[in-house]
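What follows is one structure encoded as structure tokens, with my remarks underneath.
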Amino acid sequence: MSKVVIIGAGGVGTVVAHKCAQHPEVFSEIVIASRTLSKCQAVVDAIGKSHVSADCVDADSVAQLVALFKKHKPELVINVALPYQDLTIMDACLECGVNYLDTANYEPKDVAHFEYSWQWAYKEKFEKAGLTAILGCGFDPGVTGVFTAYAAKHYFSEMQYLDIVDCNAGDHGKAFATNFNPEINIREITQNGRYWQDGEWVVTKPLEFHQPLNYPGIGARESYLLYHEELESLVKNFPSIKRARFWMTFGQEYLTHLRVIQNIGMARIDEVDYNGTKIVPLQFLKAVLPNPQDLGENYHGETSIGCRISGLDKEGKPMTYYIYNNCSHEAAYKETGMQAVSYTTGVPAMCGAIMFLTGQWRKAGVYNVEEFNPDPFLEAVAANGLPWHEIINGDLEL
């Protein structure tokens with residue numbers, strides 16, 4: 001039994017807290033901390049268990065994080081705050097001797113750029129400290145990486161082509177809303193795409209390539225090629241992959257709103273002067289858009305996320321493999337009060353914490369999830385609300 005601190009009380013943090021509280025045999029104490037104490041306390045009150053408590057911290061401040069960790073002495077920090085704050089939290093973990101897990105890689109505030117190099121640079125520091133840092137333990141990144149490792153372990157002698165496909169076929173009834181932090185979501189979608197091809201990165205214009213793909217139980221949805229961080233670690237850890245791409249679905253109404261937001265300058269991440277006050281247009285937009293935490297009540301439909309892989313099987317014969325999960329927005333909301341996008345990120349983060357705390361994913365250094373044994377993690381994910389399915393030698397469409 002171990003104590004954990006969860007940093008972040010948004011949609012994902014709420015799910016992580018709810019799911020950790022379901023496993024008192026692993027999580028003896030759970031502290032939820034964010035900049036706004038009242039948000040943390042609301043999650044604690046909703047869970048209603050004595051071993052769950054709230055605290056306050058500015059995750060931009062190493063000093064405040066150190067004070068929080070010294071106060072609570074957790075064995076593991078589950079970071080579901082903003083990606084800008086990954087490095088300050090890792091620095092505080094090193095100073096206090098605390099292990100670390102996150103769901104998204106670091107990115108600087110002033111550049112819409114996703115790269116693991118900043119966090120991989122901490123590998124030696126965590127090794128010397130005897131601490132574990134687990135990177136990207138959400139769904140994508142996260143489960144998709146473990147799906148890939150599972151395929152390599154059980155089915156392939158050589159994986160050659162990997163396509164990660166992410167469909168949200170839900171409807172929240174809003175004219176325009178993002179399913180997670182609007183600032184991060186819009187930055188991610190509006191930057192150039194890129195994919196791995198024959199040993200190098202190929203850069204594309206934002207949402208330049210798209211095609212309809214069929215998703216199990218959903219049907220055809222237009223899917224757009226964009227860059228996603230797990231591609232960087234997967235082609236590094238599975239060098240036989242010749243091509244790796246990431247696809248995500250967007251509705252036409254969403255894309256129309258997004259195009260207008262860009263055209264009128266509201267997607268800018270640099271400061272502008274407004275009546276003598278410096279504001280960042282995208283941060284202002286975030287303040288007026290619907291809060292992703294509030295979408296769940298009227299959300300219908302489901303998500304479908306998975307990996308489509310082709311290559312050579314264990315006998316050297318060509319094979320295709322599709323491993324995926326479908327998650328219901330209604331079911332996620334009924335259990336945790338959050339929609340499926342938050343749920344599919346929060347459940348794997350909790351399962352990764354279980355893997356570490358039970359000794360199954362524990363080694364000094366900084367690691368992406370696909371570098372660990374995939375089997376117990378996928379067993380835990382399936383048992384905790386995200387069952388997964390396989391299609392062998394089907395049409396991958398890609």
Could you walk me through whether Phe147 and Leu378 pass the side chain to side chain contact (heavy atoms under 4.5 Å, CB included) test, one step at a time?
CA-CA 8 Å; Phe147 278 166; Leu378 290 184; 3.8 Å; yes
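- Cluster partners of Leu135, using a side-chain heavy-atom cutoff of under 4.5 Å among ILVMFWY residues and allowing indirect links, are Val5, Ile7, Val31, Val57, Leu65, Leu68, Phe69, Val77, Leu87, Ile89, Met90, Leu94, Val98, Tyr100, Tyr106, Tyr116, Trp118, Trp120, Tyr122, Phe126, Leu131, Val366.
- There is a side-chain donor-acceptor pair under 3.5 Å between Ser304 and Asn326.
- Between Asn384 and His23, the side chains place a donor N or O and an acceptor N or O closer than 3.5 Å (distance only, hydrogens not considered).
- Counting Ile, Leu, Val, Met, Phe, Trp and Tyr side chains that sit under 4.5 Å apart, directly or through other members, Leu312 stands alone, with no cluster partners.
- Side-chain contact between Tyr84 and Glu107 is present, with at least one heavy-atom pair separated by less than 4.5 Å.
- Looking at Thr345, its side chain does come within 3.5 Å of a backbone N or O of Val341 through a donor-acceptor pair.
- Although no hydrogens or angles enter the test, the distance criterion places a donor-acceptor pair under 3.5 Å between the side chain of Thr320 and the main chain of Gly394.
- Across all their heavy atoms, Cys137 and Ile134 have their closest contact at CB-CG2, 4.3 Å.
- The same ILVMFWY cluster, assembled from side-chain heavy atoms under 4.5 Å apart, contains both Leu162 and Ile392.
- Scanning for side-chain hydrogen bond (donor to acceptor under 3.5 Å, both in side chains) contacts around Glu232 gives an empty result, with sequence neighbours left out.
- Side-chain contact, Gln119 with Asp102: a donor N or O sits under 3.5 Å from an acceptor N or O.
- With Thr144 contributing its side chain and Phe139 its backbone, the two residues share a donor-acceptor pair below 3.5 Å.
- With hydrogens and angles disregarded, a donor-acceptor distance shorter than 3.5 Å links the side chain of His329 to the backbone of Ala340.
- Both Phe377 and Phe238 sit in one connected hydrophobic cluster of ILVMFWY residues. Membership requires side-chain heavy atoms under 4.5 Å apart, directly or through other members.
- Counting all heavy atoms, side chain and backbone alike, Met338 lies closest to Ser342 at CB-CB, 4.0 Å.
- In this structure, a donor-acceptor pair under 3.5 Å is absent between the side chains of Thr148 and Glu370.
- Atom CG of Asp270 and atom CG of Leu282 lie 10.5 Å apart (nearest 0.5 Å).
- Partners of Glu115 by side-chain hydrogen bond (donor to acceptor under 3.5 Å, both in side chains), not counting sequence neighbours, listed by chain and number: His113, Ser117.
- Residues Ile323 and His389 form no side-chain contact, since every pair of their non-hydrogen atoms from C-beta on lies 4.5 Å or further apart.
- Under the 4.0 Å criterion applied to side-chain N and carboxylate O atoms, Glu127 and Lys123 are assigned as salt-bridge partners.
- For CD of Glu379, the number of neighbouring non-hydrogen atoms (other residues, nucleotides, ligands) closer than 6.0 Å is 12 at most.
- Clustering ILVMFWY residues whenever any of their side-chain heavy atoms sit less than 4.5 angstrom apart, transitively, puts Leu234 in a cluster other than the one holding Tyr324.
- Here the side chains of Met266 and Val260 are not in contact, with every heavy-atom distance at 4.5 Å or above.
- Between Pro239 and Lys236, the closest heavy-atom pair is CD-O, 3.9 Å.
- Annotation for Asp313 and Ser157: closest pair O-OG, 2.7 Å, computed over non-hydrogen atoms.
- Listed by first and then second residue, the ring-ring contact (aromatic ring centres under 6.0 Å, His included) pairs that reach into residues 204-224 are His210-Tyr224, Tyr224-Phe250, sequence neighbours excluded.
- Here the side chains of Leu225 and Glu208 are not in contact, with every heavy-atom distance at 4.5 Å or above.
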Counting only pairs under 3.5 Å, give me each side-chain donor-acceptor contact of residues 40-49, with atom names and distances, residues two or more places apart or in other chains.
| residue | atom | partner | partner atom | Å |
| --- | --- | --- | --- | --- |
| Gln41 | NE2 | Asp45 | OD1 | 2.9 |
| Lys49 | NZ | Ala21 | O | 3.2 |

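- Following chains of ILVMFWY side-chain contacts shorter than 4.5 Å, one can reach Val143 starting from Ile354, so the two form part of one hydrophobic cluster.
- Between Arg308 and Glu397 there is a salt bridge, since a side-chain N of the basic residue sits under 4.0 Å from a carboxylate O of the acidic one.
- His51 places a side-chain heavy atom less than 4.5 Å from the side chain of Pro24.
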Which is it for Leu398 and Tyr161 under the side chain to side chain contact (heavy atoms under 4.5 Å, CB included) test, yes or no, and what are the steps along the way?
CA-CA 9 Å; Leu398 289 160; Tyr161 301 98; over 6 Å; no
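- Checked against side-chain hydrogen bond (donor to acceptor under 3.5 Å, both in side chains), Tyr195 has no partners two or more places apart in sequence or in another chain.
- Salt bridge status for Glu335 with Lys19: present, with a side-chain N to carboxylate O gap under 4.0 Å.
- Applying the salt bridge (charged side-chain N to carboxylate O under 4.0 Å, His left out) rule to pairs touching residues 139-167 yields Lys153-Asp375, Asp163-Arg243, Asp163-Arg245, sequence neighbours excluded.
- When all heavy atoms are compared, the tightest approach of Ala104 to Asp86 is O-OD2, 2.7 Å.
- In this structure, the side chain of Thr336 does not engage the main chain of Val15 through any donor-acceptor pair within 3.5 Å.
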Go through it in stages, so that I can follow the logic: the residues are Asn325 and Ile305, the test is side chain to side chain contact (heavy atoms under 4.5 Å, CB included), and I'd like the CA-CA distance, side-chain angles, deciding distance and then a yes or no.
CA-CA 6 Å; Asn325 160 266; Ile305 312 172; 5.9 Å; no
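- Scanning for side chain to side chain contact (heavy atoms under 4.5 Å, CB included) contacts around Pro212 gives Glu222, with sequence neighbours left out.
- Between the side chain of Ser223 and the main chain of Arg221, a donor-acceptor pair closer than 3.5 Å is present.
- Taking the centre of each ring, Trp388 and Tyr150 come in below the 6.0 Å mark.
- With a 4.5 Å cut-off on side-chain heavy atoms, Gln360 and Phe372 do not count as touching.
- Val165 and Leu386 fall into different hydrophobic clusters, where Ile, Leu, Val, Met, Phe, Trp and Tyr residues are linked whenever their side-chain heavy atoms come under 4.5 Å apart, directly or through other members.
- Each side-chain hydrogen bond (donor to acceptor under 3.5 Å, both in side chains) pair with one or both residues in residues 56-75, not counting sequence neighbours, appears once here: Ser2-Glu75, Arg35-Asp58, Arg35-Asp60, Asp55-Lys71, Asp55-His72, Asp60-Gln85, Glu75-Arg362.
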Run the numbers on Leu231 and Ile164 for side chain to side chain contact (heavy atoms under 4.5 Å, CB included), then give the verdict.
CA-CA 9 Å; Leu231 297 180; Ile164 297 170; 4.2 Å; yes
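- Every side chain to side chain contact (heavy atoms under 4.5 Å, CB included) that Ala151 has, sequence neighbours left out, goes to Phe156, Met159, Ile309, Tyr321.
- Across all their heavy atoms, Thr249 and Cys167 have their closest contact at OG1-CA, 3.3 Å.
- Proximity of a side-chain donor or acceptor of Ser328 to a complementary backbone N or O of Glu330 within less than 3.5 Å is detected.
- Leu37 belongs to no hydrophobic cluster with other residues, because no ILVMFWY side-chain heavy atom falls under 4.5 Å from its own, directly or through intermediates.
- Taking the centre of each ring, Tyr227 and Trp201 come in below the 6.0 Å mark.
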